[in-house]
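Shown next, in structure tokens, is the structure this report addresses.
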Amino acid sequence: MGTVTLGVSIAVPEPYGSQLQERRAGFGDVAAHGIPTHVTLVPPTEVEAERLPAIGAHLAGVAAGFRAFRMRLGGTGTFRPLSPVVFVQVVEGAAGCTRLQNELRAPEGPLDRRLAFPYHPHVTVAHGISEEAMDLAFEALAGYAADWVCEGFALYEQGSDGVWRKLREYPFGSGPAGVPAQPGPRADETVRRS
């Protein structure tokens with residue numbers, strides 16, 4: 001069956017998602033239209049296609065143990081010089097995202113993987129473009145703000161054309177807000193870089 005490249009994320013809803021995608025494209029990020037605006041929970045991960053049913057069951061189980069929580073974006077940050085990224089900050093909901101991604105990547109689960117950097121929920125608005133364009137993105141979106149109630153997450157697959165497409169949504173169940181229904185391992189501290 002071969003391998004597929006998957007990612008799990010919280011979509012930034014409309015109208016915010018399209019607004020930020022257009023801004024990202026406007027800064028010269030050529031990948032902008034192939035990446036729906038999102039907060040990453042599980043970064044791009046290559047898996048055997050035959051594992052998709054087990055992954056789907058795992059995602060459904062994790063989602064059922066959470067309930068909706070508020071997400072609020074505000075201002076910008078950057079991972080430079082470690083990584084050429086400018087992002088909009090998650091100023092409310094970061095704890096829920098951190099707990100959620102920790103459950104999704106649990107060592108006993110099908111999406112267990114190590115991260116290159118400590119987990120830090122964010123919305124990328126510029127990646128791998130010129131320093132001048134990243135400075136512009138950082139300044140232009142410094143006053144950006146958006147908020148919504150996060151009611152679930154989605155599984156995406158990256159096509160051979162580099163475009164990410166949604167495979168399935170996983171709505172939250174009735175667990176505590178942003179917290180697993182049953183206590184799990186403590187999430188790592190998030191690292192704020194500026």
Side-chain angles (χ1 to χ4, degrees), residues 5-46 69-102 104-105 111 113-150 153-166 178 187-194:
T5 301
L6 303 177
V8 181
S9 62
I10 294 170
V12 175
E14 296 304 332
Y16 312 122
S18 292
Q19 291 170 351
L20 287 175
Q21 191 174 46
E22 289 304 316
R23 296 299 300 268
R24 183 172 178 172
F27 298 132
D29 191 330
V30 296
H33 289 294
I35 305 172
T37 308
H38 68 281
V39 176
T40 298
L41 297 172
V42 177
T45 303
E46 191 173 310
F69 58 93
R70 180 153 301 281
M71 294 282 292
R72 187 164 55 91
L73 307 179
T76 51
T78 183
F79 293 137
R80 295 181 291 173
L82 295 176
S83 183
V85 172
V86 170
F87 56 86
V88 172
Q89 297 185 68
V90 175
V91 295
E92 185 176 349
C97 292
T98 300
R99 290 182 186 113
L100 189 53
Q101 67 85 34
N102 199 43
L104 291 168
R105 293 187 309 100
L111 291 174
R113 63 163 292 175
R114 296 184 76 81
L115 300 179
F117 299 102
Y119 181 73
H120 177 76
H122 65 280
V123 177
T124 298
V125 291
H127 180 235
I129 58 178
S130 73
E131 288 296 318
E132 295 79 13
M134 284 199 285
D135 289 342
L136 175 61
F138 187 88
E139 294 166 14
L141 293 171
Y144 186 82
D147 69 274
W148 71 95
V149 175
C150 175
F153 56 81
L155 175 66
Y156 292 82
E157 180 180 352
Q158 186 178 37
S160 58
D161 57 0
V163 174
W164 287 91
R165 294 175 179 86
K166 187 188 309 178
D188 295 335
E189 292 275 325
T190 59
V191 175
R192 297 196 182 274
R193 301 180 199 142
S194 55

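Remember, predicted model here, so these are calculated numbers, not experimental data. Side chains are part of it too, since the values below use all heavy atoms of this structure and drop only hydrogens, waters and symmetry mates.
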Kindly compute the distance separating [atom1] ([X]) from [atom2] ([Y]), expressed to the nearest 0.5 Å.
X	Y	atom1	atom2	result
Arg23	Asp29	CZ	CG	13.5 Å
Trp164	Ile35	CH2	CD1	8.5 Å
Asn102	Arg99	CG	CZ	10.0 Å
Trp148	Glu92	CH2	CD	10.5 Å
Arg72	Cys150	CZ	SG	15.0 Å

Beyond-backbone contact of [X] with [Y], side-chain heavy atoms, under 4.5 angstrom:
X	Y	value
Phe79	His122	yes
Met134	Glu139	no
Leu73	Tyr16	no
Leu115	Arg105	yes
Leu141	Leu20	yes

Closest approach of [X] and [Y], non-hydrogen atoms and distance?
X	Y	answer
Phe27	Val125	CD1-O, 3.7 Å
Ile10	Cys97	CD1-SG, 3.8 Å
Ala126	Ala137	CB-CB, 4.0 Å
Asp161	Val163	OD1-N, 3.1 Å
Arg113	Pro44	NH1-O, 2.6 Å
His33	Gln21	CA-NE2, 3.7 Å

Sole residue of Val149, Val39, Val12 in side chain to side chain contact (heavy atoms under 4.5 Å, CB included) with Met71:
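Per the side chain to side chain contact (heavy atoms under 4.5 Å, CB included) rule, the option paired with Met71 is Val39, out of Val149, Val39, Val12.
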Please check if the side chain of [X] supplies one atom and the backbone of [Y] the other of a donor-acceptor pair under 3.5 Å.
X	Y	value
Thr98	Gly96	no
Thr78	Arg80	yes
Glu14	Ser18	yes
Ser130	Ala133	yes
Glu157	Leu6	no

After noting the C-alpha distance and the side-chain angles of Tyr156 and His38, does the key distance pass the side-chain contact (heavy atoms from CB on, under 4.5 Å) rule?
CA-CA 11 Å; Tyr156 292 82; His38 68 281; 5.8 Å; no
